[in-house]
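I have a structure I would like to understand better, so I am pasting it below and will then ask my questions one at a time.
In the text below, chain A, chain B and the rest are named by the order of the sequence lines, each starting its count at 1.
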Protein chains: 2
Amino acid sequence: MTGNGKPRGAYAKTAARRREILEAGIEVFSSSGFRNGSIRDIADRVGMSQAGLLHHFASKIDLLTAILEWRDHEDRERLDLQGQPKGLEAVRSLLELVEHNSRVPGLVELYCTLSAEATSADHPAHQYFIDRYRTVVGYAVESFELMRQRGELADGVEPASAGRSMIAVMDGLQVQWLLNRESLDMALELRHHVQPLLTVDL
Amino acid sequence: MTGNGKPRGAYAKTAARRREILEAGIEVFSSSGFRNGSIRDIADRVGMSQAGLLHHFASKIDLLTAILEWRDHEDRERLDLQGQPKGLEAVRSLLELVEHNSRVPGLVELYCTLSAEATSADHPAHQYFIDRYRTVVGYAVESFELMRQRGELADGVEPASAGRSMIAVMDGLQVQWLLNRESLDMALELRHHVQPLLTVDL
DNA sequence: GTCTATAGAGGGATAGAC
DNA sequence: GTCTATCCCTCTATAGAC
């Protein structure tokens, strides 16, 4: 039924195991970073030995890669980074993403920690974050360009700057929020940042 | 002449040594973070053994503390975070700070890396960064409040949000800039962000 | 003030039993 | 699929010689 020689049950169990490890990995890399987080710690959290974990992921970097791929997949469901530029709709989906992020502090911490760590050229996720920012900032800039054409942008607002700044605000607010979650509402602040750039209501 | 029993020359040499270590420490903690950076690496850079380094700074955390204190001192010279709120002048000095930062990528990387790492509650610099953001965001918010009173703020701009966002943009742009220094001019982008909030020229 | 040596903890990855 | 045992590495900090 599955198209190969192995019974389906074993696969399901392995997939579930990988998933557990993935989630524990996010927890650990979030708070300790990749370089400082240990796969021993991750293995402990799923009640497994370190060698047992390495049966599912060949190396520590292999696990990191899987985490980043998994998270990319989740992101794509929310943003549709591939299709046609979407203007105002894209800005709205970024706002919704931020609202959603407020409910998953672990993932926010993961990205905040990893992106800073990965500014270092020899970090295994360095190229990943360069690509990611190119994509995400590009997505924002293209959206503002489309809004400019549609007359939805206030006078003097440059699409390229507005796009870069919007992503910058999202990232910067995350640091402030992680240090003190009561000090601000990320989605609200982002709304306050973006609304004045527009001639239409968000 | 120095007011105590030890010869001045020895002190001067020690101070110079501490300074060298401090600078090497910034280099290493910048690119590797605090938790992953090693004092052995720092010692190598000043041509010294690791044990030799620990003669000048009792522990790794002791060195980190000294680095943060030193950098605070530099910052205070540029911003005057203590005195009376300064309105537009304060916004201008933040812009100048960003311009200055573009010339010292190492320090930018240090703060970017450490602040992200220190969102973790058990990080030795955790409280330091909570305090620092309280101070810096407070400085920005108070400045915008003063500008509101002076009629220098555009309609609908809330000082509290504008202050938090301005700091957020500064931090967010740093990440983008560290990942790709050719992709943007931090000071220019910040200017583009702030100018539309004002009724006066920057 | 600086060194060598070393203690003692913790890390990633591999080998091989079950 | 999971374990134990182990290898070999790196790290911080200390002790003690010079």
Within 6.0 Å of CD in B:Gln84, more than 12 heavy atoms from elsewhere: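 12 or below, so no.
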
Residues from residues 115-123 of chain B lying under 4.0 Å of DNA chain D - heavy atoms: none

Beyond-backbone contact of B:Thr113 with B:Phe34, side-chain heavy atoms, under 4.5 angstrom: no

Under 3.5 Å: donor-acceptor pair, side chain of A:Lys86, backbone of A:Leu146: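 Between the backbone of A:Leu146 and the side chain of A:Lys86 there is no qualifying donor-acceptor contact (under 3.5 Å).
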
Integer-rounded Å distance: C:dG12 C1' and A:Phe29 CZ: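 That distance rounds to 12 Å.
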
Which residues share a side-chain hydrogen bond (donor to acceptor under 3.5 Å, both in side chains) with B:Asp131, sequence neighbours left out: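 For B:Asp131 the side-chain hydrogen bond (donor to acceptor under 3.5 Å, both in side chains) partners, ignoring immediate neighbours, are B:Gln127.
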
Between D:dC11 (P) and B:Leu63 (CG): distance, integer Å: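 Result: 15 Å.
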
Residue pair A:Tyr111 / A:Asn101, side-chain donor-acceptor N/O under 3.5 Å: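 Looking only at side-chain atoms, A:Asn101 and A:Tyr111 do not form any donor-acceptor pair under 3.5 Å.
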
All side-chain hydrogen bond (donor to acceptor under 3.5 Å, both in side chains) counterparts of A:Tyr133, not counting sequence neighbours: A:Asp171

With sequence neighbours excluded, residues passing salt bridge (charged side-chain N to carboxylate O under 4.0 Å, His left out) with A:Asp41: A:Arg45

A:Asp122/A:Arg35 salt bridge by N-O under 4.0 Å criterion: yes

Salt-bridge contact A:Glu23-A:Arg19 (side-chain N to carboxylate O under 4.0 Å):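 Result for this pair is yes, salt bridge flagged.
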
DNA chain C contacts among residues 46-61 of chain A, heavy-atom distance under 4.0 Å: A:Gln50, A:Ala51, A:Leu54, A:Ser59, A:Lys60

Residues within residues 32-44 of chain A bordering DNA chain D, heavy-atom distance below 4.0 Å: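 Those residues whose heavy atoms fall under 4.0 Å from DNA chain D, taken from residues 32-44 of chain A, amount to none.
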
Under-4.0 Å salt bridge between B:Glu20 and B:Arg17: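 B:Arg17 and B:Glu20: salt-bridged.
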
